[in-house]
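Per chain, numbering begins at 1; letters A, B, ... match sequence-line order. Given the structure is predicted, the values throughout are model-derived calculations rather than measurements.
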Number of protein chains: 2
Amino acid sequence: MPQTLAPLLRKLESVAVLSEPERAAILALPVTVRQMRADHDIVRERDRPTQSCLVLDGWLCRYKILETGTRQIFSFHIAGDVPDLQSLFLNLMDHNLGSLVQSTVAFIPHDSIRALAVKFPRLAELFWRDTLIDAAIFREWIVGMGRRDAPSRIAHLLCELYLKQRAIGLARGYSCDFPITQAVLGDALGLSTVHVNRSLMELRGRGLITLEKHVLTILKWDELQGEGGFDPTYLHIEPLAVAA
Amino acid sequence: MPQTLAPLLRKLESVAVLSEPERAAILALPVTVRQMRADHDIVRERDRPTQSCLVLDGWLCRYKILETGTRQIFSFHIAGDVPDLQSLFLNLMDHNLGSLVQSTVAFIPHDSIRALAVKFPRLAELFWRDTLIDAAIFREWIVGMGRRDAPSRIAHLLCELYLKQRAIGLARGYSCDFPITQAVLGDALGLSTVHVNRSLMELRGRGLITLEKHVLTILKWDELQGEGGFDPTYLHIEPLAVAA
DNA sequence: CGGACAATTGATCTACCTCAAAATTGGTGG
DNA sequence: CCACCAATTTTGAGGTAGATCAATTGTCCG
């Protein structure tokens, strides 16, 4: 399976040009590919994983379940992401990672990632950088939950998920996949399903977006961005990503 | 200034035992020490820092200002923290770092941190790990903002800040410094000052805490923890920290 | 074609907000 | 050491975004 790790390579190369040995070393990583059904947990709170998971296809999310049984989602992940890279140095999982839809993932043993990092410090830097962007997204998420009302919170997330997909070539014009139900959206934004629905209708009513059959289309990018107070700086998407 | 970097050393050694060369290399880092008045920005959004900042004494916080002028704080930092370590690989600041009270910080050039990381991969891991914990705290913060009401959100933060201080020996019994005004607390938790005040009174009324003259005392740890749904796992504090 | 899930709508309730003022507290200069 | 100012904390009184509960109406898939 020579091209299995292509999504990872593409992501790393959107930030920096890799040397041939670096590319080769990445492609030589031992992986276990696995298909997951929708709504299936990949890693759970309190687990002590010995491998991390690269998304090849599909959508994953990370979340916690509270004592009360409510769920809080704090990230969505698509091809090229390694959502639980943090388990490389934080042995004990403090949250869950699960699939939102049917997905394909590749498991990479921690040992081989560590070996890679020691041998190629620059790759270590790129992986590290990736976890830093993860944190930057969390920060922006906090800002939204603390200070934005429901419609802007939703608008902001739509902008983010659209750009994330576009950066890896998964958008078509101003459209992209959006396999997230309103209930899931509520769990991510700290809103009730009902209120998500109403806010979404407002955005549609104002002609900013279209959202049907799990496809999002942004009709008025500038206005949607304005509504969400969205400034893409925090995603740290490099010009390289666009150039490619 | 042989002991300037002691807080950093103490923090790293709470996770792993360092070799003599590693200790020496850290202590040999070139630093610029600076005193800051309260409410002073150290790094601002859009800056491109060439150094990171180690807290030696005092309290810092990271925050963003929205278009509307409101502020959202997403972290507090005390001695031993390097709040803007992420600028090592994310060149452009996407938020601000400022002092909450009079503080002492040490600036360390990125170049020398990078050199240290390449030479001692294990130190790189420890720094990396630290930024991962940063992210873990953000995740928990999101859970609180999305799913906890005001009193538990506050209770949770009190637990966190108490433990953070205790882990580096800054607590006395169940008491610790708490130089955070109710307005600042509101900016951190996405609440109005008025509501922070009322929730705080409730916690006091129920005899869980005492908070006066900028000193927090936790009277009923178990109940406060219960109120906040606080599980310290996400802080990833190692047994070593307690042993020391 | 039925069953399960997802979206939509209606009605009521409440946690938290805003505005406004009063009471404390802490720091500072005389 | 006291008086005074500014920043905090506290209290009161509405107002509202968003929650909850409960149906109803799609929509997709086997």
Side-chain angles (χ1 to χ4, degrees), chain A residues 37-40 59 66 68-73 99-102 144-158 177-205 209-216 227-228, chain B residues 37-40 59 66 68-73 99-102 144-158 177-205 209-216 227-228:
Chain A
R37 300 239 132 268
D39 293 307
H40 186 287
W59 284 67
L66 299 227
T68 56
T70 55
R71 175 168 73 152
Q72 177 66 47
I73 295 175
S99 61
L100 231 39
V101 296
Q102 187 182 2
M145 316 225 49
R147 295 302 183 195
R148 286 195 252 269
D149 65 10
S152 14
R153 228 182 281 178
I154 294 177
H156 195 280
L157 183 57
L158 298 185
D177 287 355
F178 199 82
I180 301 179
T181 71
Q182 296 182 3
V184 171
L185 214 42
D187 282 350
L189 298 173
L191 298 168
S192 68
T193 307
V194 172
H195 204 60
V196 167
N197 182 272
R198 288 181 172 134
S199 309
L200 223 30
M201 308 228 71
E202 186 197 316
L203 295 180
R204 283 197 275 238
I209 61 161
T210 260
L211 180 49
E212 45 187 7
K213 309 202 178 233
H214 294 164
V215 172
L216 165 70
E227 172 64 37
Chain B
R37 298 239 133 267
D39 293 308
H40 185 286
W59 285 67
L66 298 228
T68 56
T70 53
R71 175 168 74 153
Q72 178 65 47
I73 295 175
S99 61
L100 230 41
V101 297
Q102 186 181 4
M145 316 224 54
R147 296 301 183 194
R148 287 195 251 269
D149 66 10
S152 15
R153 228 181 282 177
I154 294 176
H156 194 281
L157 184 58
L158 298 186
D177 286 353
F178 199 81
I180 301 179
T181 70
Q182 296 182 4
V184 170
L185 214 43
D187 282 350
L189 298 173
L191 299 168
S192 68
T193 307
V194 172
H195 204 60
V196 167
N197 181 271
R198 288 185 170 130
S199 308
L200 226 28
M201 307 227 71
E202 187 197 315
L203 295 179
R204 283 197 274 237
I209 61 161
T210 260
L211 181 49
E212 46 187 7
K213 308 201 180 236
H214 294 163
V215 171
L216 165 70
E227 171 64 37

Chemist: Considering residues at least two apart in sequence or located in another chain, which fulfil the side-chain hydrogen bond (donor to acceptor under 3.5 Å, both in side chains) criterion with B:Thr181?
Modeler: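 Expected list: none.
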Chemist: Do nucleotides 10-27 of chain D as a string where each nucleotide becomes B, S or -: B if the base has a protein heavy atom under 4.0 Å, S if just the sugar-phosphate does, - if no protein is that close.
Modeler: BBBB----BSBB------
Chemist: Quick one: list whatever passes side-chain contact (heavy atoms from CB on, under 4.5 Å) with A:Ala38, sequence neighbours left out.
Modeler: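 Result, side-chain contact (heavy atoms from CB on, under 4.5 Å) vs A:Ala38: none returned.
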Chemist: Taking salt bridge (charged side-chain N to carboxylate O under 4.0 Å, His left out) as the cut-off, I'd like each qualifying pair that reaches into residues 180-201 of chain B, sequence neighbours left out, listed once.
Modeler: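 Of all non-adjacent pairs touching residues 180-201 of chain B, those that pass salt bridge (charged side-chain N to carboxylate O under 4.0 Å, His left out) are A:Arg147-B:Asp187, B:Arg71-B:Asp187.
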Chemist: Give me the atom names and distance for the closest heavy-atom approach of A:Pro179 to A:Val101.
Modeler: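 Looks like CB-CG1, 3.7 Å.
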Chemist: Which is the 5'-most and which the 3'-most nucleotide of DNA chain C that has an atom under 4.0 Å from a heavy atom of chain B?
Modeler: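 With heavy atoms of chain B under 4.0 Å away, the range is C:dC16 to C:dG26.
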Chemist: What pairs with A:Ser152 under side-chain contact (heavy atoms from CB on, under 4.5 Å), at least two apart in sequence or on another chain?
Modeler: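 A:Arg148, A:Asp149, A:Glu227.
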Chemist: Report the residues that fulfil side-chain hydrogen bond (donor to acceptor under 3.5 Å, both in side chains) with A:Thr70, sequence neighbours left out, ordered by chain and then residue number.
Modeler: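 Per chain and number, A:Thr70 pairs via side-chain hydrogen bond (donor to acceptor under 3.5 Å, both in side chains) with A:Thr68.
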Chemist: What residues form a side-chain contact (heavy atoms from CB on, under 4.5 Å) with B:Ser199, not counting sequence neighbours?
Modeler: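 B:Ser199 satisfies side-chain contact (heavy atoms from CB on, under 4.5 Å) with B:Ala150, B:Pro151, B:Ile154, B:His195 only.
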Chemist: Ignoring hydrogens and geometry, is there a side-chain-to-backbone donor-acceptor pair from A:Thr193 to A:Gln182 under 3.5 Å?
Modeler: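 Absent.
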Chemist: Using side chain to side chain contact (heavy atoms under 4.5 Å, CB included), reason through B:Leu157 and B:Ile180 one step at a time and then give a plain yes or no.
Modeler: CA-CA 11 Å; B:Leu157 184 58; B:Ile180 301 179; 5.7 Å; no
Chemist: Using a 4.5 Å cut-off on heavy atoms from C-beta on, say whether the side chain of A:Arg204 contacts that of A:Ile209.
Modeler: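 Yes, at least one pair of side-chain atoms sits under 4.5 Å.
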Chemist: Could you give the angle between the helix axes at the two ends of the helix from C:dC1-D:dG30 to C:dG30-D:dC1, with five pairs per end, rounded to 10 degrees?
Modeler: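 Helix axis angle between the two ends: 50°.
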